[in-house]
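Contents: one structure, followed by commentary.
All figures in this text were calculated on a predicted structure; none of them were measured in a lab.
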Amino acid sequence: MPDPVPPRNPTMNIAASALRAQQSRMRIIAENIANAQSTALVAGGEPYRRQMPVFQTQALDGGTGVRLAQVRPDMGEFRMEHDPSHPAANAEGYVMRPNVDSLIEAMDMREAQRAYEANLNVIETARAMDTRTLDLLKR
């Protein structure tokens, strides 16, 4: 989603692209966490498959930014849990659980939050520098 008025400062432009990328990453992680305990709708069916963001560099005015290129499914193995009474159990009584590890998702979320905060600090610092420069020029 393009900004209505993109920043003219290349530093802010690059940091803003990283903010959007980390925001998308946090949304995907939240979806993974929300579906960590889901099961298939039919017996023997596949449950939710963990999603992973894939980032790509993006040429911007004054530098190189980042963008979310695609969301790719994690093709790792599903967890198997023996629960013959579960509606999604297969013929042997096993239920396939999502390949989502909540601990890994929590760590990824924290890393995305820190990256978001770091880029927000870059924007705030660049804005403060621009303001200070304008103040000096007013004298």
Side-chain angles (χ1 to χ4, degrees):
M1 173 171 75
D3 290 330
V5 180
R8 295 185 190 273
N9 183 326
T11 303
M12 287 187 190
N13 209 10
I14 293 166
S17 76
L19 284 176
R20 285 188 293 275
Q22 293 304 327
Q23 181 181 23
S24 297
R25 180 180 175 197
M26 287 187 278
R27 181 188 47 79
I28 293 164
I29 293 168
E31 182 180 315
N32 287 340
I33 291 170
N35 287 290
Q37 298 301 319
S38 64
T39 58
L41 299 176
V42 296
E46 285 193 358
Y48 176 82
R49 189 172 287 281
R50 178 179 184 250
Q51 302 296 305
M52 300 181 309
V54 178
F55 297 106
Q56 181 178 38
T57 58
Q58 173 183 1
L60 300 171
D61 291 337
T64 303
V66 64
R67 70 178 185 87
L68 179 67
Q70 64 177 317
V71 179
R72 189 177 294 166
D74 181 351
M75 298 311 290
E77 296 292 319
F78 292 116
R79 293 179 290 123
M80 299 298 284
E81 182 179 289
H82 190 261
D83 186 359
S85 65
H86 196 284
N90 63 15
E92 293 83 35
Y94 285 92
V95 178
M96 279 195 278
R97 295 289 183 172
N99 59 347
V100 176
D101 184 335
S102 295
L103 182 60
I104 290 173
E105 297 302 324
M107 289 187 300
D108 284 350
M109 180 65 85
R110 187 65 188 136
E111 182 182 333
Q113 287 171 334
R114 287 184 178 171
Y116 188 93
E117 290 168 1
N119 283 291
L120 195 56
N121 285 335
V122 168
I123 290 173
E124 290 170 355
T125 301
R127 182 176 294 148
M129 289 172 62
D130 286 349
T131 302
R132 181 69 179 136
T133 301
L134 290 173
D135 288 345
L136 289 171
L137 292 172
K138 286 180 186 177
R139 294 180 185 184

F78: ring pair (Phe, Tyr, Trp, His ring centres under 6.0 Å) partners, not counting sequence neighbours: none
Output all residues satisfying side chain to side chain contact (heavy atoms under 4.5 Å, CB included) with [X], sequence neighbours left out; order by chain, then residue number.
| X | value |
| --- | --- |
| L134 | none |
| N121 | E124 |
| T131 | R127, D135 |
| V122 | T11, A15 |

Let's go through M96 and E46 carefully: what are the C-alpha distance in whole Å and the side-chain angles of both, what is the deciding distance for side chain to side chain contact (heavy atoms under 4.5 Å, CB included) to 0.1 Å, and is it a yes or a no? CA-CA 7 Å; M96 279 195 278; E46 285 193 358; 4.2 Å; yes
Just by distance, do the side chain of R79 and the backbone of P98 share a donor-acceptor pair under 3.5 Å? yes
Mind checking what makes side-chain hydrogen bond (donor to acceptor under 3.5 Å, both in side chains) contact with D101, not counting sequence neighbours? none
[X] to [Y] - nearest heavy-atom pair and separation:
| X | Y | value |
| --- | --- | --- |
| E77 | N99 | O-CB, 3.3 Å |
| R49 | G76 | NH1-O, 3.2 Å |
| A30 | M109 | N-CE, 3.9 Å |

Quick check on the hydrophobic clustering: are I29 and L19 connected, directly or via other members, by side-chain heavy-atom contacts under 4.5 Å? yes
Under 3.5 Å, sequence neighbours excluded: what are the donor-acceptor pairs made by side chains of residues 85-95?
residue: S85; atom: OG; partner: D83; partner atom: OD1; Å: 2.9
residue: H86; atom: ND1; partner: A88; partner atom: N; Å: 2.9
residue: N90; atom: OD1; partner: E92; partner atom: N; Å: 3.0
residue: N90; atom: OD1; partner: G93; partner atom: N; Å: 3.1
residue: N90; atom: OD1; partner: Y94; partner atom: N; Å: 2.9
residue: N90; atom: ND2; partner: E92; partner atom: OE1; Å: 3.4

Listed pairs under 3.5 Å, donor-acceptor, residues 111-118 side chains, sequence neighbours left out:
residue: Q113; atom: OE1; partner: R110; partner atom: NH1; Å: 3.2

Going by chain and number, the hydrophobic cluster around L136 (ILVMFWY, side chain to side chain under 4.5 Å) further includes none
Could you list who else is in M129's hydrophobic cluster, with ILVMFWY side chains joined at under 4.5 Å, directly or through other members? none
Qualifying side chain to side chain donor-acceptor pair (under 3.5 Å) pairs, either residue in residues 26-40, two or more places apart: E31-Y48, N32-Y48, N32-E105
Start with the C-alpha gap between R20 and Q23, add the side-chain angles, then the distance that decides, and say whether side chain to side chain donor-acceptor pair (under 3.5 Å) holds. CA-CA 5 Å; R20 285 188 293 275; Q23 181 181 23; over 6 Å; no
What distance separates D74 CG from Q51 CD, expressed to the nearest 0.5 Å? 9.0 Å
Distance in Å, D108 CG paired with I28 CD1, rounded so as to fall on 0.5 Å steps: 11.0 Å
Please table the atom pairs, donor to acceptor, closer than 3.5 Å between any side-chain atom in residues 52-69 and protein atoms at least two apart or in another chain.
residue: Q56; atom: OE1; partner: R67; partner atom: NH2; Å: 2.5

